[in-house]
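Worksheet: the structure to be examined is printed underneath.
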2 protein chains.
Amino acid sequence: MGKQMTEMLKGTLEGIVLAFLTGNPAYGYEITTWLRSQGFNEIAEGTVYALLVRIEKNGLVDVEKRPSEKGPPRKVYSLNTDGEKYLEEFWTTWGFLADRLENLRTEGK
Amino acid sequence: MGKQMTEMLKGTLEGIVLAFLTGNPAYGYEITTWLRSQGFNEIAEGTVYALLVRIEKNGLVDVEKRPSEKGPPRKVYSLNTDGEKYLEEFWTTWGFLADRLENLRTEGK
DNA sequence: TACCAGTACATAGTAGCGCTGAGTAGTGAT
DNA sequence: ATCACTACTCAGCGCTACTATGTACTGGTA
């Protein structure tokens, strides 16, 4: 990852994952694969798993263990109501920041 | 600052300041005041000065010391060519991220 | 049989950035 | 003499993403 991207992902990666989880339960490996398909080519596996542990600990997601046809059992994460509320706040925060930056880019000051 | 905003600012605050500096040399206190006027109400002074030290050390800005009518001398920062190049990369990175998030927000997946 | 690629998760240690909280110093007004 | 405003500095902290490595199961292949 470029250094700029690494820093910029702080705070946003969480929102990205939560948004992906909306109405779409998924497990870690699946999320990692999806992120890479979205152009986040170099997202480290460890990053995603650490993030999932965090949002679980913060009570934003529910977890269910399911056997896999290939390899170890999967931990399937789904957004709960606290997670939805948190995601809403995320969009508000993001919206504010995106507005400021859009202003700066298109004309300045 | 809200916790989400604090995390999201990592990586972007630098770009915001560099963008402000484009064709518009400024000093720390001025930048802090401007940020607050833009809605970043709780940005800590210390944060801005630390950021300025960093971008100076990274060679993105030139610095000139000027006396002030009120208070200690000002350190006026202006974007140099390295800074401009860095800012361009910043906009590329930001653009990529903003696209991804816009997609996620407006429809999902 | 042995090995490797793919699937799936976990975690200790590190780097970087913004925040907290405190301090220094100069000017002008009450 | 005190306060408010201007202007900059710095040590220590918390949080997030990255690095690097390890575990474990399945299926293909040499």
Side-chain angles (χ1 to χ4, degrees), chain A residues 1-18 25-36 40-58 60-61 63-77 86 90 93 97, chain B residues 1-18 25-36 40-58 60-61 63-77 86 90 93 97:
Chain A
M1 279 271 125
K3 206 179 138 255
Q4 284 186 338
M5 183 59 92
T6 290
E7 289 308 320
M8 239 182 256
L9 280 176
K10 290 182 180 177
T12 58
L13 184 58
E14 195 171 285
I16 291 170
V17 170
L18 291 175
Y27 53 97
Y29 191 81
E30 188 182 4
I31 294 168
T32 305
T33 308
W34 172 76
L35 283 167
R36 293 195 171 140
F40 299 104
N41 296 302
E42 300 166 58
I43 291 260
E45 267 199 281
T47 299
V48 176
Y49 288 111
L51 189 156
L52 291 172
V53 167
R54 196 171 72 235
I55 61 179
E56 182 185 358
K57 199 169 61 186
N58 292 343
L60 307 178
V61 287
V63 190
E64 194 196 342
K65 208 158 210 164
R66 285 193 213 154
S68 164
E69 319 85 47
K70 311 187 72 172
R74 298 164 173 166
K75 284 178 73 178
V76 178
Y77 296 81
Y86 185 89
F90 170 83
T93 308
L97 198 57
Chain B
M1 279 272 122
K3 205 183 138 248
Q4 285 186 339
M5 184 58 93
T6 292
E7 289 307 320
M8 243 184 252
L9 280 175
K10 292 185 180 179
T12 58
L13 183 58
E14 193 172 285
I16 290 170
V17 170
L18 291 174
Y27 54 98
Y29 191 81
E30 189 182 4
I31 294 168
T32 305
T33 308
W34 172 76
L35 282 168
R36 291 191 172 144
F40 299 102
N41 297 301
E42 302 164 59
I43 289 261
E45 266 198 282
T47 298
V48 176
Y49 288 110
L51 188 156
L52 292 171
V53 167
R54 195 173 71 235
I55 62 179
E56 182 185 358
K57 199 169 62 185
N58 292 343
L60 308 178
V61 286
V63 189
E64 194 195 342
K65 208 159 210 163
R66 286 193 213 153
S68 164
E69 320 85 46
K70 313 188 71 174
R74 297 165 173 166
K75 286 177 72 176
V76 177
Y77 295 82
Y86 185 89
F90 170 83
T93 307
L97 200 56

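Residue numbers start from 1 in every chain, and the chains themselves are labelled A, B, ... in the order their sequence lines are given, proteins ahead of strands.
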Quick one: B:Tyr77 OH to D:dT9 C1', roughly how many Å, whole number?
10 Å
Using whole Å, what does the distance between atom P of nucleotide D:dT19 and atom CD of A:Glu42 come to?
8 Å
Check ion pair B:Arg54-B:Glu14 (N to O, under 4.0 angstrom):
yes
From D:dA24, C:dC17, D:dC18, pick the nucleotide closest to the side chain of A:Pro72?
D:dA24
Can you tell me if A:Tyr29 touches the phosphate of C:dC9, counting only side-chain N or O atoms and a distance under 4.0 Å to OP1 or OP2?
no
With nearest nucleotide decided by heavy atoms, which residue, A:Lys3 or A:Glu30, maps closer to the 5′ end of DNA chain C?
A:Glu30
Go through residues 44-55 of chain A and report each residue with a non-hydrogen atom lying under 4.0 Å from DNA chain C, sorted by number.
A:Glu45, A:Gly46, A:Tyr49
Protein-nucleotide distance (B:Tyr27, atom OH; D:dT9, atom C1'), rounded to Å
17 Å
In terms of heavy-atom contacts, A:Ile16 and A:Phe90 come closest through N-CZ, 4.5 Å
Which nucleotide in the list C:dC19, D:dC25, D:dT16 gets nearest to the side chain of A:Glu14?
D:dT16
If you only use heavy atoms from C-beta on, which nucleotide in C:dA8, D:dT6, C:dC19 is closest to the side chain of A:Ser68?
C:dA8
Verify the contact: side-chain N or O of A:Lys65 to OP1 or OP2 of C:dC9, cut-off strictly under 4.0 Å; return yes or no.
no
So for B:Lys10 and D:dC15, does any side-chain atom that can act as donor or acceptor lie under 3.5 Å from a complementary atom in the base?
yes
How close do A:Tyr27 and A:Tyr77 get, counting heavy atoms only, and between which atoms?
CA-CD1, 4.5 Å
Could you check whether any side-chain heavy atom of A:Thr47 comes within less than 4.5 Å of a side-chain heavy atom of A:Leu9, counting everything from C-beta outward?
no
Rounded to the nearest angstrom, tell me the gap between atom CH2 in B:Trp34 and atom P in D:dA7.
18 Å
Just the rounded figure in Å: distance from C1' of C:dA10 to NZ of A:Lys57.
14 Å
May I ask you to say what B:Lys70 touches in the nucleic acid, namely base, sugar-phosphate or nothing, with a heavy-atom cut-off under 4.0 Å?
sugar-phosphate
Between P on C:dC19 and CG on B:Asn41, what's the gap in Å once rounded to a whole number?
12 Å
Could you pull out the closest heavy-atom pair between A:Thr93 and B:Gln4, with the gap in Å?
OG1-OE1, 3.2 Å
Rounded to whole Å, the CD-C1' distance (A:Glu7 to D:dT16) equals 9 Å
Shortest non-hydrogen separation from B:Tyr49 to B:Tyr29 and the atoms involved
OH-N, 3.3 Å
Could you pull out the closest heavy-atom pair between B:Gly28 and B:Leu52, with the gap in Å?
CA-CD1, 3.5 Å
Write down the distance between CZ (A:Phe90) and P (D:dT16), rounded to a whole number of angstrom.
13 Å
